[in-house]
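Note that ligands are numbered from 1 as they come in the structure, with each ligand's atoms numbered from 1 the same way. We count residues from 1, following the sequence as given.
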Amino acid sequence: MTKGLFITLEGPEGAGKTTIIDMLLTYYQEQEKQIIKTREPGGIPISEKIRSIILDPKHTEMDARTEALLYAAARRQHLVEKVIPALNNGSIILCDRFIDSSLAYQGYARGIDMDEIWEINQFAIGNVMPELTIYFDLDPRVGLARINNTTDREINRLDLEKIEFHELVQEGYYKVIEKFPDRIRKVDASKPLEQVFQDTIAIIDHYLK
Ligand SMILES: Nc1ncnc2c1ncn2[C@@H]1O[C@H](COP(=O)(O)OP(=O)(O)OP(=O)(O)O)[C@@H](O)[C@H]1O
Ligand SMILES: Cc1cn([C@H]2C[C@H](O)[C@@H](COP(=O)(O)O)O2)c(=O)[nH]c1=O
């Protein structure tokens, strides 16, 4: 039985998830909440190594199912080594991406049946799902323009996909939201950063009450 709270943040490239997670961490730490941030793929050494294989721009030959399995493998290790222990410890976990990314990117955008993506991920995660997911909604063109203007972020293999792929990712997320309307809350990520932050806090605070 877990005691903590598992929150995931989702959205297209450049939607602001990483920036907002850092702001949330500071905000809730000031309230002396027990909270950690992490990310997928990554968050622990094995999963960060898998991340570097998946996202290496040189690996253009990577098969879509191999990609899906690598994300699921990174997810499994991250869950076992970091997320579950933190939940058992009573922490709030803010995780940058989780299974919904696999459903939208590897499922809808790559064209693998979303049910198949769900099945391989069931093997990886068992019954551990986030209690709350915040989806940062943004036109993918705006998100890509943001990351192209960011000097300290490396451009990875997924960023380099055609705009049509990123449009499918957004459509895929809309399908995922239809599937999980109770868990996923949408935030308009095109607003100024401070407004996006306030909208996000309002959702989480409501949930914490
Ligand atoms: N609401 C916003 N308005 C304008 N710029 C923003 C906003 N939110 C974030 N940014 C800027 O957009 C860039 C990308 O933000 P960030 O890295 O947080 O996105 P992300 O969702 O984590 O992206 P990715 O998943 O592709 O890594 C950063 O330069 C950040 O400062
Ligand atoms: C978890 C997960 C991620 N992805 C994609 C989404 C992004 O393009 C990269 C991760 O980069 P970020 O800067 O940390 O957002 O990986 C995916 O396709 N499937 C997944 O399950």
Side-chain angles (χ1 to χ4, degrees), residues 8-25 37-44 47-48 50-57 59 62-79 83 94-112 114 116-118 120-122 124-125 129-130 133-163 165-170 172-173 176 187-200:
T8 58
L9 290 86
E10 294 280 356
E13 318 300 333
K17 301 175 301 301
T18 311
T19 311
I20 294 288
I21 283 183
D22 285 339
M23 294 166 81
L24 291 170
L25 195 73
K37 68 164 185 172
T38 190
R39 70 169 180 179
E40 277 207 1
I44 43 120
S47 303
E48 287 291 337
I50 298 174
R51 177 187 176 97
S52 64
I53 294 169
I54 304 174
L55 295 181
D56 185 337
H59 292 161
M62 190 177 290
D63 168 71
R65 284 172 183 259
T66 305
E67 183 183 278
L69 289 164
L70 286 172
Y71 277 115
R75 177 161 302 132
R76 170 75 194 168
Q77 189 65 29
H78 177 241
L79 210 60
V83 176
L94 301 173
C95 185
D96 192 341
R97 300 188 180 279
F98 191 62
I99 188 171
D100 300 322
S101 287
S102 287
L103 293 168
Y105 283 77
Q106 283 66 56
Y108 197 82
R110 289 273 189 241
I112 302 175
M114 282 168 103
E116 286 189 272
I117 297 294
W118 178 256
I120 61 161
N121 276 280
Q122 284 306 293
I125 69 176
M129 279 293 281
T133 297
I134 302 170
Y135 173 66
F136 291 83
D137 193 28
L138 188 67
D139 180 332
R141 286 186 166 77
V142 176
L144 290 169
R146 283 184 187 170
I147 61 170
N148 286 326
N149 288 329
T150 308
T151 45
D152 58 352
R153 184 189 179 289
E154 281 182 19
I155 299 299
N156 65 48
R157 188 173 60 86
L158 277 280
D159 299 331
L160 292 169
E161 289 288 342
K162 294 194 177 91
I163 185 64
F165 174 83
H166 294 285
E167 285 169 349
L168 285 175
V169 168
Q170 189 181 33
Y173 271 123
V176 176
V187 163
D188 180 354
S190 70
K191 290 184 186 170
L193 184 58
E194 185 54 33
Q195 187 59 55
V196 177
F197 179 50
Q198 292 304 330
D199 292 348
T200 308

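For atom 21 (O) of ligand 1, the closest heavy atom belonging to the protein is Lys17 NZ, 2.6 Å. Ranking the protein heavy atoms by distance from atom 11 (C) of ligand 1 puts Arg146 CD, 4.1 Å first. Thr19 OG1, 3.7 Å is the protein heavy atom nearest to atom 30 (C) of ligand 1. Scanning all protein heavy atoms for the shortest distance to atom 19 (O) of ligand 1 gives Gly16 N, 3.1 Å. The protein atom (non-hydrogen) at minimum distance from atom 23 (O) of ligand 1 is Gly14 N, 3.0 Å.
Ligand-side atoms of ligand 1 in range of Glu13: 26 (O), range being under 4.0 angstrom from any heavy atom. Numbered from 1 in the order shown, with element, the atoms of ligand 1 that lie under 4.0 Å from a heavy atom of Pro192 read 1 (N). Below 4.0 Å from some heavy atom of Arg153 lie the following atoms of ligand 1, by number and element: 24 (P), 26 (O), 27 (O). Atoms of ligand 1 lying under 4.0 Å from any heavy atom of Ala189, numbered from 1 in the order shown and given with element: 1 (N).
The shortest side-chain heavy-atom distance between Glu116 and Gln106 does not fall under the 4.5 Å cut-off. Here the side chains of Pro12 and Gln170 are not in contact, with every heavy-atom distance at 4.5 Å or above. Proximity of Glu13 to Val169: side-chain heavy atoms (C-beta onward) are nowhere separated by under 4.5 Å. You'll find the side chain of Asn121 stays beyond 4.5 Å of the side chain of Phe98, heavy atoms only. By the 4.5 Å heavy-atom criterion applied to side chains, Leu55 and Glu154 are not counted as neighbours. Residues Ile120 and Leu69 are in side-chain contact: their nearest non-hydrogen atoms beyond the backbone lie under 4.5 Å apart.
Between the side chains of Arg153 and Thr18, no donor N or O sits under 3.5 Å from an acceptor N or O. Glu10 and Ser101 form a side-chain donor-acceptor contact under 3.5 Å, judged by distance and modelled atom types alone.
Panel note: side chain Arg39, backbone Asp96; no donor-acceptor pair is recorded below 3.5 Å. Proximity of a side-chain donor or acceptor of His166 to a complementary backbone N or O of Leu158 within less than 3.5 Å is detected.
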Worksheet entry | Criterion side-chain hydrogen bond (donor to acceptor under 3.5 Å, both in side chains) on Tyr71 and Arg97, from CA distance to verdict | CA-CA 11 Å; Tyr71 277 115; Arg97 300 188 180 279; over 6 Å; no
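Heavy-atom separations between Arg97 and ligand 1 include at least one value shorter than 4.0 Å. At least one heavy atom of Ala15 sits under 4.0 Å from some atom of ligand 1.
Paired with Lys37 under the rule side-chain contact (heavy atoms from CB on, under 4.5 Å), one option of Ile21, Leu24, Leu9 passes, and it is Ile21.
Contacts between Lys191 and ligand 1, counted as non-hydrogen atom pairs separated by less than 4.0 Å, involve the backbone only. At a 4.0 Å heavy-atom cut-off, ligand 1 touches Thr150 through the side chain alone. Of all the heavy atoms of Ser190, none lies under 4.0 Å from any atom of ligand 1, so neither backbone nor side chain is involved.
Using a 4.0 Å heavy-atom criterion, the residues that approach ligand 2 are Glu13, Glu40, Pro41, Arg51, Leu55, Tyr71, Arg75, Arg97, Ser101, Ser102, Tyr105, Gln106, Arg153, Asn156, Leu158.
Tyr173 and Tyr135 have tilted rings, their planes meeting at an angle from 30° to 60° on a 0 to 90° scale.
The closest heavy-atom contact to atom 22 (O) of ligand 1, among the options Leu138, Asp96, Thr18, comes from Thr18.
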